[in-house]
Amino acid sequence: MKIPFFSLLLSAALATLSAGCVQGSAPRPRNVLLISIDALRPDMLGCYGYGRPTSPTLDRLASGGVVFENAFTPSPWTLPAHGSLFTGFYPRRHGATSEEHALAENVETMAEILSGHGFATAAMVNGFYLSRRYGFDRGFQRFFYQTPPHRDPNPPAVFDEAVEWLSQTGDAPFFLFVHDFHVHTDYVSLPEYERMFLSEYGGEVDGSASQLLAFRRGAFALNETDVAHLVDRYAAGIRQADAQIDRLFRHMQETGIWENTLVIVISDHGEEFLEHGGVLHGRTHYDELMRVPLIVAGPGVAHGRRIEEPASLIDILPTTLSLLGLPETDSLDGIDLTGTWRNWLRWRFRDRVLFGEADHKNEIPDMTRSARYRGYKLVHDRLTGESVLYDLTSDPGERRDVKAIHPKIARRLGEEIKRFEAMTNEGPALRPVDRKTGERLEALGYAQ
């Protein structure tokens with residue numbers, strides 16, 4: 001089978017060509033609201049087919065905008081994924097590939113770009129890997145950081161801060177980024193949300209990251225009832241996050257800024273619930289981690305559309321710039337997604353190769369790479385040198401290695417990964433975190 005692979009430079013050139021074809025009469029947003037819900041799986045949202053009422057607010061947003069059915073993260077953990085979200089580059093090119101490296105200084109972020117165009121900029125975050133240490137404050141005139149919660153059921157302060165900032169912004173166009181860590185472990189929510197989803201359970205699983213890390217180390221086993229309880233706790237957290245998003249949306253509607261605002265909701269990665277024997281995230285490239293929600297709504301965005309073409313977090317920056325009518329920066333890895341609902345050059349979305357990478361240490365070093373092309377995904381382990389090829393069309397659960405059946409596809413995707421690895425841009429090296437911070441990170445599920 002001959003595969004029409006295209007280089008990243010060709011994709012970038014075509015993205016620029018497409019951006020130049022935007023109709024002048026198309027409405028443009030004045031403001032941008034970007035929301036990241038950490039560790040949120042799309043298949044746990046109503047707008048992606050989930051049967052329980054976890055996401056009424058996001059479902060309403062989706063019904064009036066565009067839902068990307070096949071959006072993926074370039075990395076299954078927070079730091080490199082958000083780096084790609086803000087820069088339009090894969091982790092290899094923005095530099096923040098591990099906890100020891102920040103964003104490269106020669107890479108411009110979304111906040112820096114929009115601030116340079118006169119936008120008021122603010123970020124409200126409550127995740128350690130989005131702190132100033134890693135350069136995520138660059139370009140933000142207001143940067144609020146809240147220490148990630150530990151066994152705290154209360155909503156994070158980020159939404160309160162967002163509402164307050166919007167009330168004081170004035171007449172300037174704005175870019176507001178809100179990051180909510182609550183869906184992430186520990187899986188604990190206010191009683192009103194837990195009552196909605198938790199069934200009677202007599203086991204010892206409490207949804208804490210420390211307990212799940214102990215499971216990873218083989219300290220105890222999880223049965224189906226335990227996993228169902230974990231999923232119930234996770235679902236309650238999603239509903240609580242959705243309620244906070246609703247509060248923010250209502251404020252924007254009441255103050256008249258909603259109609260002029262581009263709203264993008266994403267996640268940085270998913271979460272594992274024993275689909276392949278694991279829990280938490282960061283260690284594999286299965287789609288329970290790599291597939292993420294992507295909902296876009298606002299001026300210039302189609303209404304009620306569902307897009308099958310593959311998308312990535314690297315596409316958020318060029319898509320945002322396109323919708324705002326701003327020039328795209330050169331040589332981004334991501335491409336403008338507006339063509340998917342405007343029916344421009346749709347073949348370039350279907351025929352692109354999407355990459356994944358992880359340099360997360362955990363208890364077991366993870367140096368995995370993946371390449372996705374149409375219905376196939378090759379996963380390569382740099383430590384062992386072994387690769388696995390999945391046919392996602394016939395095997396969406398990623399159970400069977402078909403490398404022997406499709407050797408040409410496996411070989412070509414392997415070549416793509418080699419070319420991908422040749423792109424490097426290491427970010428500034430950082431000192432190790434202090435012991436107290438390390439202990440807190442471990443309590444949140446990031447074992448050192």
Side-chain angles (χ1 to χ4, degrees), residues 27-38 40 42 44-48 50 52-67 119-126 140 142 144 146 149 152-183 189-197 235-267 293-305 316 320 323-324:
R28 296 204 185 279
R30 172 179 168 81
N31 315 303
V32 179
L33 170 62
L34 175 59
I35 299 177
S36 172
I37 308 299
D38 208 297
L40 175 62
M44 293 286 288
L45 302 177
C47 53
Y48 283 89
Y50 194 55
R52 295 198 286 179
T54 54
S55 54
T57 304
L58 294 182
D59 297 347
R60 287 192 297 271
L61 181 72
S63 67
V66 171
V67 175
F119 284 71
T121 58
M124 314 302 177
V125 305
N126 66 331
F140 286 112
R142 168 84 168 100
F144 171 80
Q146 180 185 21
D152 182 0
N154 294 298
V158 294
F159 290 99
D160 291 331
E161 293 290 329
V163 169
E164 181 179 352
W165 183 80
L166 286 174
S167 300
Q168 302 171 355
T169 302
D171 295 330
F174 67 78
F175 168 47
L176 172 60
F177 172 66
V178 180
H179 170 258
D180 184 0
F181 196 80
H182 182 78
V183 174
S189 304
L190 293 173
E192 62 187 281
Y193 301 105
E194 293 195 342
R195 283 194 296 268
M196 295 175 65
F197 295 95
I238 296 173
R239 182 57 185 261
Q240 182 165 315
D242 186 87
Q244 293 299 305
I245 294 172
D246 179 63
R247 188 162 63 89
L248 177 59
F249 285 0
R250 288 182 184 277
H251 172 81
M252 296 173 66
Q253 292 160 1
E254 292 167 0
T255 54
I257 58 178
W258 176 261
E259 292 76 10
N260 297 319
T261 301
L262 170 66
V263 179
I264 303 172
V265 178
I266 59 92
S267 181
L294 172 54
I295 305 169
V296 185
V301 181
H303 291 260
R305 290 285 300 276
I316 302 302
T320 300
L323 286 166
L324 292 172

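Excluded from the calculations below are hydrogen atoms, water molecules and symmetry mates; all remaining heavy atoms, backbone and side chain alike, are included.
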Under 3.5 Å: donor-acceptor pair, side chain of D59, backbone of C47: yes
Backbone N/O of P53 and side chain of R239: donor-acceptor pair under 3.5 Å: yes
Report yes if the side chains of [X] and [Y] come closer than 4.5 Å at any heavy-atom pair, otherwise no.
{"X": "V163", "Y": "L248", "result": "yes"}
{"X": "I264", "Y": "L294", "result": "yes"}
{"X": "V32", "Y": "T320", "result": "yes"}
{"X": "V66", "Y": "I295", "result": "no"}
{"X": "L190", "Y": "P155", "result": "yes"}
{"X": "F159", "Y": "D180", "result": "yes"}
{"X": "L40", "Y": "V265", "result": "no"}
{"X": "F249", "Y": "L61", "result": "yes"}

Parallel, tilted or perpendicular: rings of F181 and H179 (30°, 60°): tilted
Residues which pass salt bridge (Lys or Arg N to Asp or Glu O under 4.0 Å) with D246, listed by chain and number, not counting sequence neighbours: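 Partners of D246 under the salt bridge (Lys or Arg N to Asp or Glu O under 4.0 Å) test: R60, R250.
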If you measure only the distance, is there a donor-acceptor pair under 3.5 Å linking the side chains of [X] and [Y]?
{"X": "R52", "Y": "Y50", "value": "yes"}
{"X": "D242", "Y": "T57", "value": "yes"}
{"X": "H303", "Y": "S63", "value": "no"}

CA sep, side-chain torsions, deciding dist, call: L176, I35, side-chain contact (heavy atoms from CB on, under 4.5 Å): CA-CA 8 Å; L176 172 60; I35 299 177; over 6 Å; no
L45 to T54 - nearest heavy-atom pair and separation: CA-OG1, 3.8 Å
Closest non-hydrogen atom pair, D152 against H182: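 Closest approach of D152 to H182, heavy atoms only: O-CE1, 4.1 Å.
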Atom pair CD1/CD of I245 and Q240 - distance to nearest 0.5 Å: 11.5 Å
Euclidean distance, L34 CG relative to I266 CD1, rounded to 0.5 Å: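 Answer rounded to 0.5 Å: 6.0 Å.
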Could you pull out every donor-acceptor pair under 3.5 Å between side chains of residues 255-262 and any protein atom, sequence neighbours left out?
from, atom 1, to, atom 2, distance (Å)
T255, OG1, H251, O, 2.8
T255, OG1, M252, O, 3.3
T261, OG1, N31, ND2, 3.3
T261, OG1, I257, O, 2.6

Listed partners of A120 passing side chain to side chain contact (heavy atoms under 4.5 Å, CB included), at least two apart: Q141, W165, T169, A172, F174
